[in-house]
Amino acid sequence: MARYTFHCPLRWSDSDTNQHINNVAFARYLEEARVHLQYDMTRALADRAPKDTAYIVARQEIAFRRPLLYRPEPVTIETWVTKIAGASLVLAYEIKDGEDVYATASSTLVSFNTVQQRPARLSDAERDYLTPLLEA
């Protein structure tokens, strides 16, 4: 199965006085990867995706594996889908360089109708886009 890859730049302001990237920055990095994935999905689906739909983070977990020090080179964030349900999906992530994994994470996203202000079932088009990213 395929994984979605995003190269995330590190910002000097994300680090402490010892150049360690702060734990809160990791959550922002995951958000950036997730937003890029959603943007690419929206572009790919064009008129086939439902309008007035957003993805709301219902749950997120991050496991920190090793310190990440500030440097000018970006880190790689690999993202894949571990579960597709009626109105939700679970994404998994690795923040890494080659074989060095700095953090693993998961996010449960709920498809949400912004007009009706309630969860919305994933469309067939969304499922078709996400299925190639599905890993056990």
Side-chain angles (χ1 to χ4, degrees):
M1 294 294 153
R3 289 185 176 189
Y4 183 84
T5 302
F6 174 67
H7 300 285
C8 187
L10 305 180
R11 290 166 291 277
W12 177 253
S13 60
D14 293 340
S15 62
D16 62 19
T17 56
N18 295 316
Q19 296 186 349
H20 292 101
I21 299 297
N22 184 282
N23 63 312
V24 174
F26 281 78
R28 285 193 299 269
Y29 298 162
L30 298 175
E31 177 185 45
E32 287 184 49
R34 188 171 56 251
V35 166
H36 278 266
L37 170 61
Q38 291 172 356
Y39 178 74
D40 286 351
M41 181 172 77
T42 301
R43 281 189 18 228
L45 298 180
D47 295 330
R48 298 184 310 139
K51 305 300 181 228
D52 302 320
T53 301
Y55 296 97
I56 307 296
V57 176
R59 178 183 174 90
Q60 183 159 282
E61 293 182 17
I62 304 172
F64 301 97
R65 304 289 182 209
R66 62 185 312 155
L68 174 58
L69 300 178
Y70 173 78
R71 77 294 175 86
E73 300 81 27
V75 290
T76 299
I77 302 177
E78 291 184 356
T79 306
W80 63 97
V81 178
T82 61
K83 181 180 179 182
I84 301 173
S88 66
L89 63 127
V90 178
L91 295 178
Y93 314 82
E94 283 185 342
I95 299 175
K96 61 195 273 183
D97 278 326
E99 299 301 314
D100 293 332
V101 177
Y102 299 104
T104 57
S106 68
S107 300
T108 300
L109 305 179
V110 175
S111 177
F112 191 79
N113 184 298
T114 58
V115 173
Q116 297 175 348
Q117 292 292 296
R118 62 186 192 105
R121 292 190 65 80
L122 294 169
S123 70
D124 290 340
E126 290 169 308
R127 289 174 185 284
D128 291 345
Y129 186 88
L130 295 167
T131 298
L133 296 172
L134 187 61
E135 288 186 22

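FYI, the numbering just counts along the sequence from 1.
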Interatomic spacing from OG1 in Thr82 to OH in Tyr93 - rounded to 0.5 Å: 10.0 Å

Looking only at atom types and distance, does a side-chain atom of Asn18 sit under 3.5 Å from a main-chain N or O of His20, one as donor and one as acceptor? no

What residues form a side chain to side chain donor-acceptor pair (under 3.5 Å) with Thr53, not counting sequence neighbours? none

Whether over 12 other heavy atoms sit under 6.0 Å from Asp124 CG: no

As an exercise, state the distance from CG of Leu37 to CG of Leu91, rounded to the nearest 0.5 Å. 6.5 Å

Going only through I, L, V, M, F, W and Y residues with side-chain contacts under 4.5 Å, is there a path from Phe26 to Leu10? yes

In this structure, would Met41 and Leu109 fall into the same cluster of hydrophobic residues linked by side-chain contacts under 4.5 Å? yes

Rounded to the nearest 0.5 Å, the OG atom of Ser111 sits from the CZ atom of Arg118 at a distance of 10.5 Å

With a 4.5 Å cut-off on side-chain heavy atoms, are Asn23 and Ile62 touching? no

Could you work out, with salt bridge (Lys or Arg N to Asp or Glu O under 4.0 Å) as the rule, every residue matching Glu61, not counting sequence neighbours? Arg59

Indicate if Ile84 and Tyr129 have the same hydrophobic cluster label, given that clusters are the connected sets of ILVMFWY residues with side-chain heavy-atom separations under 4.5 angstrom. yes

Please name all residues satisfying salt bridge (Lys or Arg N to Asp or Glu O under 4.0 Å) with Arg28, sequence neighbours left out, ordered by chain then number. Asp14

Tell me if the centroids of the rings in Tyr70 and Trp12 come within less than 6.0 Å of each other. yes

Residues joined to Phe112 in its hydrophobic cluster, side chain to side chain under 4.5 Å directly or through other members, sorted by chain and number, are Ile56

OH (Tyr29) and CZ (Phe6) are apart, to the nearest 0.5 Å, by 10.5 Å

Side chain to side chain donor-acceptor pair (under 3.5 Å) partners for Asp97, two or more places apart: Arg71, Tyr102

Is there a side-chain contact (heavy atoms from CB on, under 4.5 Å) between Leu122 and Leu89 once you walk through the steps? CA-CA 9 Å; Leu122 294 169; Leu89 63 127; 4.2 Å; yes

Please step through side chain to side chain donor-acceptor pair (under 3.5 Å) for the pair Arg43 and Gln38, ending with a clear verdict. CA-CA 9 Å; Arg43 281 189 18 228; Gln38 291 172 356; over 6 Å; no

Should Leu130 and Tyr4 be regarded as members of a common hydrophobic cluster, given that ILVMFWY residues are connected when their side-chain heavy atoms come within less than 4.5 Å of each other, either directly or indirectly? yes

With side-chain contact (heavy atoms from CB on, under 4.5 Å) as the criterion, how do Thr108 and Gln60 come out once you've worked through the C-alpha distance, each side chain's angles and the decisive distance to 0.1 Å? CA-CA 6 Å; Thr108 300; Gln60 183 159 282; over 6 Å; no

About how many Å separate CG of Leu30 and OG1 of Thr79, when rounded to the nearest 0.5 Å? 7.5 Å

Find out if a path of hydrophobic residues (ILVMFWY) with successive side-chain heavy-atom gaps under 4.5 Å connects Val57 to Val35. no

Arg127 side chain to Ala85 main-chain N or O, any donor-acceptor pair under 3.5 Å? yes

Taking the side chain as every heavy atom from C-beta outward, state whether Thr76 and Thr5 have any pair of such atoms under 4.5 Å apart. yes

Kindly determine whether Glu126 and Tyr55 satisfy side-chain contact (heavy atoms from CB on, under 4.5 Å), including the steps that lead there. CA-CA 12 Å; Glu126 290 169 308; Tyr55 296 97; 2.3 Å; yes

Scanning both residues in full, the closest heavy-atom pair of Pro9 with Glu32 reads CD-OE1, 4.5 Å

To check you understand the geometry: which heavy-atom pair defines the closest contact between His7 and Pro74, and what is its length? C-CB, 4.1 Å

Gap between atom CD1 of Ile21 and atom CZ of Arg11 - 0.5 Å precision: 8.5 Å

On a heavy-atom basis, the closest approach of Val110 and Ala58 is CG2-CB, 3.8 Å

Can you list everything that forms a salt bridge (Lys or Arg N to Asp or Glu O under 4.0 Å) with Arg66? Sequence neighbours excluded, please. Asp100

So, Gln117 side chain and Thr114 main chain: donor-acceptor pair closer than 3.5 Å or not? yes

Could Arg3 and Glu94 be called an ion pair, given the rule that one side-chain N must be under 4.0 Å from one carboxylate O? yes

